[in-house]
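Some notes on the structure that comes next.
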Amino acid sequence: MKKLNGGCYCGAIRFQILGPPVWSAHCHCRSCQLALGGAFVTWAKVAASDFAITKGTLKTVEKTPGIRRGFCGDCGTTLTYSAQGEVGGQDWSADAWFSAVALDDPSIIEPSAHVFVSHQQPWIKLADGLPTFQEF
Ligand SMILES: [Zn+2]
Ligand SMILES: [Zn+2]
């Protein structure tokens, strides 16, 4: 498989995925807005076994119990999202979620939806034709 690399703004954290993401979507939820400092964030996922941190050590923040966001302690870039155990009737531990734009070549990402548009900022106008979901 083709290995793809990515990392944070300052370069202290690097990660690698084995092959292209199996799923990607834009999340407009309030937590992502605040955690990443943007109007929305584009997440992508691969199987947990296909994701590895190759340089540095992620710091984590867990505001919502069970939801852990990994970020670079030097520059603050949020890179990962993980949920412990079952959330919403789904076992998330099999997947590794990461910020799609952190890839060295984010153009390979093919987002398939907008989620949590119930939190979408009113000045964001969507015209890409992707399906939207009020929550996840
Ligand atoms: Zn950094
Ligand atoms: Zn979100």
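Read the numbers this way: they start at 1 and go in the same order the structure lists the ligands and their atoms. Just so we're clear, the structure is a prediction, and the values are computed from it rather than from any experiment. Side chains are part of it too, since the values below use all heavy atoms of this structure and drop only hydrogens, waters and symmetry mates.
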Whether T60 side chain and R68 backbone form a donor-acceptor pair below 3.5 Å
no
Mind telling me whether Y81 and W43 have parallel, tilted or perpendicular rings, with 30° and 60° as the class edges?
tilted
Same hydrophobic cluster for V101 and F98, using side-chain heavy-atom links shorter than 4.5 Å among ILVMFWY?
no
Looking at E62, I want to see if its CD is surrounded by more than 12 non-hydrogen atoms of other residues, nucleotides or ligands under 6.0 Å.
yes
Near the Zn ion (ligand 2), which protein N/O/S atoms fall under 2.8 Å?
C27 SG, C29 SG, C32 SG
Basic-acidic side-chain contact under 4.0 Å: D104, R14:
yes
Is it true that L36 and F116 fall in one hydrophobic cluster, defined by side-chain heavy atoms closer than 4.5 Å?
yes
Are H114 and H26 an aromatic pair, judged by ring center distance below 6.0 Å?
yes
Quick check: is I13 connected to F15 through a chain of hydrophobic side chains (ILVMFWY, heavy atoms under 4.5 Å apart)?
yes
To the nearest 0.5 Å, atom CZ of R30 lies from atom NE2 of H119 at 9.5 Å
What number of protein N, O or S atoms occur at distances under 2.8 Å from the Zn ion (ligand 1)?
4
